[in-house]
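The block underneath contains the structure these notes are about, expressed in structure tokens.
Since the model is a prediction, treat every value here as computed from it, not as a measurement.
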Amino acid sequence: MLDRRSEILLSSFVALFSALALFVWIPSDSETGMVETFRRQTNIGDAFLPSIAACGMLIAAVVQLVLSLRRKPAAARPYGVFDGTTAAFFGALVLIVVGSLLLMFWAGPILWEIFGDPERTYRQMRDTAPWKYLGFILGGVSLVWGLTSLIEGRARARRLAAAVLFTGFLILVFDVPFDTLLLPPNGDW
């Protein structure tokens, strides 16, 4: 756990970065706004998903900043303690994130090669069920469940169920309302 001063500095930095991204970087880097309507068809714009992410970061940073400011300072602790346990934790963290992203990116194409129609390519089928959900579900569930298991120090079936429900919730929020949106990583294929 970080000390109070470090939490205040980190949350201030994240709040500043996300505010700059939300109000300066995203609007200047996006060709369209949050929602785009053309010929009575409404689609999400280029700025929609990055703006949602920046808003989430800003809210989390402000909440952390307020909680850190309200907390009483703790006794001084020695800095620079990086032992084998810390190294193992960060190593496991990197493995979980990288493994989940690789699973997200390659699950759909690999399963297509095994079970798909040889007359078509994965690129042609990437926006049809179940192919458009495979990588997102497998990678998302492994990421959420892996990180919560790492943080808690043990794997639980309840956390697996929560990871599945959360990933399903993200699909309902981002895929179901928008016909033209491709879930990650299918936009890259």
Side-chain angles (χ1 to χ4, degrees), residues 1-4 6-11 13-15 17-18 21 44 48-71 74 77 81-112 114-115 122 126-178 181-189:
M1 186 165 135
L2 296 174
D3 67 332
R4 180 176 183 256
S6 299
E7 286 181 355
I8 291 170
L9 289 173
L10 181 62
S11 56
F13 172 76
V14 172
F17 175 77
S18 57
I44 62 170
F48 183 77
L49 293 177
S51 297
I52 296 295
C55 283
M57 287 174 57
L58 183 60
I59 291 168
V62 168
V63 167
Q64 182 63 45
L65 182 61
V66 169
L67 292 175
S68 298
L69 289 171
R70 293 183 62 192
R71 192 176 67 159
R77 294 185 323 201
V81 178
F82 192 84
D83 57 1
T85 305
T86 306
F89 178 82
F90 280 111
L93 179 75
V94 168
L95 284 175
I96 290 169
V97 171
V98 170
S100 298
L101 292 176
L102 287 172
L103 184 61
M104 181 179 278
F105 192 79
W106 289 107
I110 289 172
L111 289 171
W112 176 259
I114 296 169
F115 300 109
Y122 178 74
R126 67 184 175 163
D127 194 27
T128 60
W131 305 107
K132 68 179 179 175
Y133 299 120
L134 287 174
F136 190 80
I137 290 172
L138 293 173
V141 168
S142 66
L143 181 67
V144 173
W145 189 44
L147 291 178
T148 55
S149 298
L150 177 67
I151 291 167
E152 290 182 345
R154 62 181 170 166
R156 292 183 174 178
R158 272 179 67 184
R159 299 298 181 245
L160 176 60
V164 170
L165 289 174
F166 180 71
T167 305
F169 173 74
L170 288 177
I171 290 171
L172 286 175
V173 169
F174 291 112
D175 184 59
V176 172
F178 305 107
L181 180 72
L182 289 174
L183 290 172
N186 291 328
D188 295 336
W189 286 98

Exercise. With side-chain contact (heavy atoms from CB on, under 4.5 Å) as the test, would you mind laying out the steps for L111 and W131 before giving the verdict?
Key: CA-CA 9 Å; L111 289 171; W131 305 107; 4.0 Å; yes
Self-check item: Within 6.0 angstrom of F13 CZ, more than 12 heavy atoms from elsewhere
Solution: no
Quiz item: Mind checking whether F17 and M57 have side chains closer than 4.5 Å, heavy atoms only?
Solution: yes
Quiz item: M104 and G140: which non-hydrogen atoms are nearest, and at how many Å?
Solution: CE-N, 3.8 Å
Practice problem: Not counting sequence neighbours, list each pair that qualifies as a salt bridge (charged side-chain N to carboxylate O under 4.0 Å, His left out) and has a residue in residues 132-142. | Solution: D127-K132, K132-D175
Quiz item: Considering all heavy atoms of both residues, which atom of A15 and which atom of S18 are nearest to each other, and what is their separation?
Solution: O-OG, 3.1 Å
Self-check item: Euclidean distance, I96 CD1 relative to L101 CG, rounded to 0.5 Å
Solution: 12.0 Å
Exercise. Any chance you could measure L183, atom CG, to I137, atom CD1, to the nearest 0.5 Å?
Key: 9.0 Å
Quiz item: Looking at side-chain heavy atoms only, is the closest gap between L93 and F90 below 4.5 Å?
Solution: yes
Practice problem: Indicate whether any N or O donor in one side chain lies under 3.5 Å from an N or O acceptor in the other, for S68 and E7. | Solution: yes
Quiz item: Where is the tightest heavy-atom contact between L138 and A107, given as atom of each residue plus distance?
Solution: CD1-CB, 3.8 Å
Quiz item: Quick check: does any side chain N or O of S100 sit under 3.5 Å from a backbone N or O of V97, one acting as donor and the other as acceptor?
Solution: no
Practice problem: May I have all residue pairs that pass ring pair (Phe, Tyr, Trp, His ring centres under 6.0 Å) and include part of residues 136-169, sequence neighbours excluded? | Solution: none
Exercise. Look up atom CG in L160 and atom CG in L165, then write down how far apart they are to the nearest 0.5 Å.
Key: 9.5 Å
Quiz item: Which pair of non-hydrogen atoms, one from F105 and one from P109, has the smallest distance, and what is that distance?
Solution: O-CD, 3.5 Å
Quiz prompt | From CG (L65) to CG (L10), nearest 0.5 Å | solution = 10.5 Å
Quiz prompt | Atom pair CG/CZ of L134 and F115 - distance to nearest 0.5 Å | solution = 10.0 Å
Quiz item: When rounded to the nearest 0.5 angstrom, what is the spacing between CD1 in I8 and CZ in R71?
Solution: 8.0 Å
